[in-house]
Amino acid sequence: MSAQIIDGRKCARALTEKVIADVAALVSEQVQIGLATVVVGDNYGARAYERKLRRLAEELGVPYYGHTLDDTLGQDELLDLITALNADPTVSGILILRPLPDHIDEATVFRSINPSKDIESVHPENAGLLALGVPRFVPSTAASVFHLLDSYLDSVGENRADFYHRSLIVVVGRSNNVGKPAISLGYARQATVESVDEWADKTTGIGRHTRWADVLVVAAGKAGLIKAEHVSENAIVIDVGINPSTSEDGKVRMVGDVDFDSVAPRVRAITPVPGGVGPVTDIWLLHNTVLAARLLAGHDVDGRADLITDNSNPLQEAS
Ligand code: NAD
């Protein structure tokens, strides 16, 4: 039997409706919203993501301030730019795209962002709050993973809490921006969570962990890492990876970390690449920009609303 395909574009459309309504409400309440992004250098993925966010912000009527800078930029100049964005009342959300050039210390840069504008929760205060289960902002990629899972469970009539409480979630990849936040969200849902990194792959192999997963989240950045022999038949597979792959005709297309053709016929449900995690991640960032605008305007905002594990998450209502 072939897996159910979890349609990220459909989930993203539903979320977009909600964000459009939120932005309209902010405008009518005269609350300022604006998204600022900073790209340093000419990394292909970072520039492509920046263009996507620019289009999305424009579509939603969110003022957008894109800063695309040469990789010769010094760290102090970058810190000066962030200081200016922190003070700018037209900017509610700040996103510094990775990777930064080697001469810039990522941790120092992330620490310089005003935590109330840190929509990806990269500032240690926000990363700490997330790890404690009381987030200010739920980072967009991990949020997307669980939004897709929740949506799938709803679509098959399975109670979310019952499912998570008895499930093993295996997260492959342990980066600060994707793997670790996904682990925190798994804990918040009271699931059993296992983290697998490349040393497991190099030593015992990842299959001894991944084969037991009820939910397999893959964020390693390695095309085709997960094959049919790595998954169980009842697994729900969420593929976060985005890797460029050149086909025989010379065309470059994006593929995931999961070998979709061999895995999809075997498992219960799976997200495609493209069209899975990516579209929900994009709109979630705008959702967090709305939260930041409210927070800066002194409204009562509780990021824990985005952690809700039962079937009453307001973000699900539109889906
Ligand atoms: P990263 O390079 O910062 O981290 C990758 C993690 O995977 C590291 O912990 C590394 O040790 C681990 N890893 C590497 N090889 C492994 C292996 N063979 N077995 C097990 N673990 C291994 O990357 P990232 O920023 O976390 O992104 C991961 C992937 O997700 C990339 O392909 C990236 O493009 C993609 N991504 C997608 C979205 C989206 O919205 N769909 C958002 C962010 C990142």
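Note that ligands are numbered from 1 as they come in the structure, with each ligand's atoms numbered from 1 the same way. We use all heavy atoms of the structure for the numbers below, so side chains are in, but hydrogens, waters and symmetry mates are not.
- Using 4.0 Å as the threshold, Gly45 has no heavy atom nearer than that to any atom of ligand 1.
- There is a protein heavy atom closer than 4.0 angstrom to atom 41 (N) of ligand 1.
- Here the heavy atom of the protein found nearest to atom 25 (O) of ligand 1 is Asn177 ND2, 3.1 Å.
- Contact annotation: Gly179 has no heavy atom less than 4.0 Å from any atom of ligand 1.
- Annotation for ligand 1: atoms under 4.0 Å from non-hydrogen atoms of Thr281 are 39 (C), 40 (O).
- Using a 4.0 Å cut-off between charged side-chain N and carboxylate O, Asp302 and Arg304 make a salt bridge.
- Shortest non-hydrogen contact noted between Ser144 and Val280 is OG-CB, 3.2 Å.
- Residue contacts with ligand 1 for Glu198 involve both N, CA, C or O and side-chain atoms from C-beta outward (heavy atoms, distance under 4.0 Å).
- The two residues Ile169 and Gly186 make their nearest non-hydrogen contact at CD1-CA, 4.2 Å.
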Could you walk me through whether Glu194 and His209 pass side-chain hydrogen bond (donor to acceptor under 3.5 Å, both in side chains), step by step? CA-CA 8 Å; Glu194 192 177 344; His209 307 278; 2.5 Å; yes

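- Among all non-hydrogen protein atoms, the one lying nearest atom 36 (N) of ligand 1 is Val240 O, 3.7 Å.
- Of all atoms in ligand 1, numbered sequentially from 1 with element shown, those under 4.0 Å from a heavy atom of Gly278 are 40 (O), 41 (N).
- Residue Arg98 places a heavy atom less than 4.0 Å from ligand 1.
- Ion pair Arg294/Glu29 flagged as a salt bridge, since at least one NZ, NE, NH1 or NH2 atom sits closer than 4.0 Å to an Asp/Glu carboxylate oxygen.
- Near Val172, meaning under 4.0 Å from any of its heavy atoms, are these atoms of ligand 1: 20 (C), 21 (N).
- For the side-chain hydrogen bond (donor to acceptor under 3.5 Å, both in side chains) test with Thr37, the passing option among Tyr64, Tyr65, Tyr49 is Tyr64; the others fail.
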